[in-house]
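Written below as structure tokens is the structure these notes are about.
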Amino acid sequence: DHLVEVFRVAGENAMQSPHDGETPARRCNWRQCHDRLAWALAWSLLSVAMAGPRWDFRQMNPFDPGADLVILLDISRSMDVADVNPSRLDRARHEIQDLIRSNPGMSVGLIAFATIAHVVTPITEDGESLLRQLPAISTDLVRLQGSRLSDAIDRATQLLDGQGEDVAHNILLISDGDFAETGIEQKVSELYERGIRFHILAVGTGSGGPVPGVMAANREPVLSWVDENKLRQLADAGGGKFRLAGYRADDIDDIFAAIMSHAKTKQNEKLQTLVWNEYFYWLLVPAILMLLFLFRPGAGVSNFGQSERA
């Protein structure tokens, strides 16, 4: 009888499946396989979403802060005074260079004036062409001495009127203020009422210095100095900013900030950008739902880990 029992047990073992002897912890039952598939699918969706799938773009013209500027550069003989190093005119050239190079793309025009105003460059976004003209501007171009600011303002107004009403108009006077015209403050106030702001960057010092090559009737040197109060009042009348030119960039930065503070947004017709339609969120929705399912109460993410460790 004992021998018969041995053969019976051996026969039953031979007919068993190879997996019948495995413990339940090592088997992949339906729930564990379902969770593994859900984790794999969720991570796949998140990975593809992080790649940023997109298609179907549209072209748009970006909006820029719209502001144009006409610089009135005084080239009368008093700008040769060397109370600032190396001279007032050289200091003025450096200030213009700083303005153009630190703000590329801004529309700027340049008028040089003494008794007669000359348009050096019309209003343009090509700042390099303006900078190439600066070295040739000097007081030697002036035949008659003196400064007629009103003529320069009229020329600047003509340039600004051709720019349309979709941008903010500004005038920047770079001068030592050595002009004695009457009615300038009234003229600047009228510009402000028309929406044209008048800013001033004064070049020189209050102590001043002698004007090279100019003598008074009594053979005494003619002195020139900056009257800050007069120029400040003029800038206030024009709704603009007044600064005394220095050797740091904060003077130009302040004036530029004042210009852009009143800028109007305009659409840049010359520049187009592609705006792509992003569709990553389509993948995030099912991935989040999958994660919520995996972390549902009683789902036991910990149970899944325990079964793996077992």
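Residues: numbered from 1 along the sequence shown.
Note that OG1 of T115 and CG of L149 are 13.0 Å apart. Values are rounded to the nearest 0.5 Å. To the nearest 0.5 Å, atom CG of residue L244 and atom OG1 of residue T205 are 8.5 Å apart. Summarising the geometry, atom CG belonging to D74 is positioned 10.0 Å from atom OG1 belonging to T139; distances are rounded to the nearest 0.5 Å.
Pairs passing the side chain to side chain donor-acceptor pair (under 3.5 Å) check and including a residue from residues 190-201, sequence neighbours excluded, read D161-R194, N170-H199, Q186-E190, R197-H262. The salt bridge (Lys or Arg N to Asp or Glu O under 4.0 Å) analysis of residues 282-291, with sequence neighbours excluded, yields no pairs. Residue pairs that meet the side chain to side chain donor-acceptor pair (under 3.5 Å) test with at least one member in residues 227-252, sequence neighbours left out, are R243-D254.
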Requested in this report: Might you work through the side chain to side chain donor-acceptor pair (under 3.5 Å) test for T124 and D126, ending with a clear yes or no?
Outcome: CA-CA 5 Å; T124 177; D126 185 9; 5.3 Å; no
**Report entry** Residue pair L130, V108: steps toward the side-chain contact (heavy atoms from CB on, under 4.5 Å) verdict
**Finding:** CA-CA 8 Å; L130 189 151; V108 182; 3.9 Å; yes
Query raised in the report: Does the pair S107 and D68 meet the rule for a side chain to side chain donor-acceptor pair (under 3.5 Å), with working shown?
Result: CA-CA 5 Å; S107 299; D68 49 27; over 6 Å; no
Report task. Evaluate the criterion salt bridge (charged side-chain N to carboxylate O under 4.0 Å, His left out) for residue pair R91 and E95; output intermediate values, then yes/no. Result -> CA-CA 6 Å; R91 182 71 256 157; E95 296 292 341; 3.4 Å; yes
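Take R77 and apply the side-chain hydrogen bond (donor to acceptor under 3.5 Å, both in side chains) test, not counting sequence neighbours, and it matches no residue. In this view, T182 satisfies the side-chain hydrogen bond (donor to acceptor under 3.5 Å, both in side chains) rule with no residue, not counting sequence neighbours. Partners of S44 by side-chain contact (heavy atoms from CB on, under 4.5 Å), not counting sequence neighbours: none found. P122 meets the side-chain contact (heavy atoms from CB on, under 4.5 Å) test with no other residue; sequence neighbours excluded. By the side-chain hydrogen bond (donor to acceptor under 3.5 Å, both in side chains) test, D176 pairs with S78, R88, sequence neighbours left out. Partners of S87 by side-chain hydrogen bond (donor to acceptor under 3.5 Å, both in side chains), not counting sequence neighbours, listed by chain and number: D90. The side-chain contact (heavy atoms from CB on, under 4.5 Å) test applied to Q97 returns H94, R101, L131, L134, not counting sequence neighbours.
Taking every heavy atom of both residues into account, A117 and D151 meet most closely at N-OD2, 3.3 Å. The shortest heavy-atom contact between V188 and G238 is CG1-CA, 3.2 Å. Heavy atoms only, all atoms of each residue included: A112 and I75 are closest at CB-CD1, 3.9 Å. Between M215 and P221, the shortest heavy-atom distance links the atoms CE-N, 4.0 Å. The heavy-atom pair separating P86 from A82 by the smallest distance is O-CB, 3.6 Å. The minimum heavy-atom distance between D83 and G208, with the atom names listed, is OD2-CA, 3.5 Å.
In this structure, S138 contributes its side chain and D140 its backbone to a donor-acceptor pair below 3.5 Å. Not one N or O on the side chain of D178 forms a donor-acceptor pair closer than 3.5 Å with the backbone of S224.
With L172 as reference, L99 is the one residue of L99, L73, I96 to meet the side-chain contact (heavy atoms from CB on, under 4.5 Å) rule.
Residues F256 and V70 do not share a hydrophobic cluster, defined by chaining ILVMFWY side chains whose heavy atoms lie under 4.5 Å apart. One hydrophobic cluster holds both L72 and L191 under the rule that ILVMFWY side chains link at heavy-atom gaps under 4.5 Å. Residues I111 and L201 do not share a hydrophobic cluster, defined by chaining ILVMFWY side chains whose heavy atoms lie under 4.5 Å apart. Cluster membership check: L231 shares its hydrophobic cluster with I171, using side-chain heavy-atom separations under 4.5 Å among Ile, Leu, Val, Met, Phe, Trp and Tyr.
V214 forms part of a hydrophobic cluster together with V81, V211, V222, judged by ILVMFWY side-chain heavy-atom separations under 4.5 Å. The other members of the hydrophobic cluster of W225, by chain and number, are L223 (side-chain heavy atoms under 4.5 Å, ILVMFWY only).
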